[in-house]
Amino acid sequence: MKSGRSWPCLAAALAMAMASGCGTVVTFFPYKSAEKAADRIIDDVLTGTNGGHAPANGELAKAPEPVVPRAEKTEGKAP
Amino acid sequence: MMIKRLRVWCRGALGALIVSALAVSISVQAQPDEPEFNVSSAAVLTIKNSLISRHRQLIEHFQSGVIGLTYDGQVAVRDAKALDKEARSVLESLIVEDNKDRLTLYREMARSNGRPDWEGSWRTIFAERWISRAPAGWYYREYSGRWVKKP
């Protein structure tokens, strides 16, 4: 009779523990990997390169000169 | 009588503790190793190229402090008075396009890695990393609205 009292307590603890366990799996976000992936993209954008390596010291390379449009190259030529 | 009741409660508490510990250990084991995220999907590469080409036009404005990064992973005008009306209009349209691309990037990073529900987390990560990777002298806007010059 008295030992029966512990079972509801045990069942409640089991349910709570399972719920907390499931919650941990669902909300898990791999922060470090995501940070690395984001850094790769950001460094490519900031340095103007496509697929380049991230600068180790955080300094950024100078963006390459923009390509001169073809129309400007032919300017001044006789038609 | 009291001792017997105490013993029953102790047994129950011990059982609950063991079950909790087991569940926690299971949940910890269930967490996979940190995965290597795909940053080269077609959609992500397209957006990245778009950001790269626009960045060449925006970089001087970042350096001069006319525009800056924001706490939520976007770009905003900081000092609109520094430009004439025409230049401001051009810059604002560039920023609108850039912000669209940034939001698409966060969405595609989540989608191409099989977890569309992580879009918000990606945005948070990117927001933090844009500011972290930006060179000294660039401005960023905090949640409070205050602009801060990166030391």
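Hydrogens, waters and symmetry mates are skipped; everything else that's a heavy atom, side chains included, is used. Quick note on labels: first sequence line is chain A, next is B, and so on, each numbered from 1.
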Listed pairs under 3.5 Å, donor-acceptor, residues 104-111 of chain B side chains, sequence neighbours left out:
residue : atom : partner : partner atom : Å
T104(B) : OG1  : K100(B) : O            : 2.8
Y106(B) : OH   : G73(B)  : O            : 2.6
Y106(B) : OH   : W130(B) : NE1          : 3.1

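- In the hydrophobic clustering of ILVMFWY residues, with side-chain heavy atoms under 4.5 Å counting as a link, L103(B) and I125(B) come out together.
- Among the candidates Y31(A), F28(A), F29(A), the single residue satisfying the ring-ring contact (aromatic ring centres under 6.0 Å, His included) test with W118(B) is F29(A).
- Side chains of L46(A) and W138(B) form a contact here, defined as non-hydrogen atoms less than 4.5 Å apart.
- Note that the CG atom of D39(A) and the OG atom of S132(B) stand 7.0 Å from one another [nearest 0.5 Å].
- The nearest pair of heavy atoms linking F37(B) to A37(A) is CB-CB, 3.9 Å.
- When hydrophobic clusters are built by joining Ile, Leu, Val, Met, Phe, Trp and Tyr residues whose side-chain heavy atoms come closer than 4.5 Å, directly or via intermediates, W147(B) is not grouped with V75(B).
- Annotation: the span from I41(A) atom CD1 to I47(B) atom CD1 amounts to 8.5 Å, rounded to 0.5 Å.
- The cluster map of Ile, Leu, Val, Met, Phe, Trp and Tyr, joined by side-chain heavy atoms under 4.5 Å apart, puts L45(B) and V39(B) in different clusters.
- Note on V66(B): it clusters hydrophobically with V148(B), by side-chain heavy-atom contacts below 4.5 Å among ILVMFWY residues.
- Taking a 6.0 Å sphere around NZ of K150(B), one finds it holds more than 12 heavy atoms contributed by other residues, nucleotides or ligands.
- Proximity to chain A (any heavy atom under 4.5 Å) is restricted, for N49(B), to the side chain, taken from C-beta onward.
- When hydrophobic clusters are built by joining Ile, Leu, Val, Met, Phe, Trp and Tyr residues whose side-chain heavy atoms come closer than 4.5 Å, directly or via intermediates, I131(B) is grouped together with I59(B).
- Distance check: R40(A) CZ to R133(B) CZ gives 12.5 Å after rounding to the nearest 0.5 Å.
- Summarising the geometry, atom OG1 belonging to T47(A) is positioned 8.5 Å from atom NE2 belonging to H55(B); distances are rounded to the nearest 0.5 Å.
- Of the two parts of E128(B), only the side chain, counted from C-beta on, holds a non-hydrogen atom closer than 4.5 Å to a non-hydrogen atom of chain A.
- Using modelled atom types, one side-chain atom of S33(A) and one backbone atom of P35(B) make a donor-acceptor pair closer than 3.5 Å.
- Looking at every heavy atom in both residues, A38(A) comes nearest to R129(B) through CB-CG, 4.1 Å.
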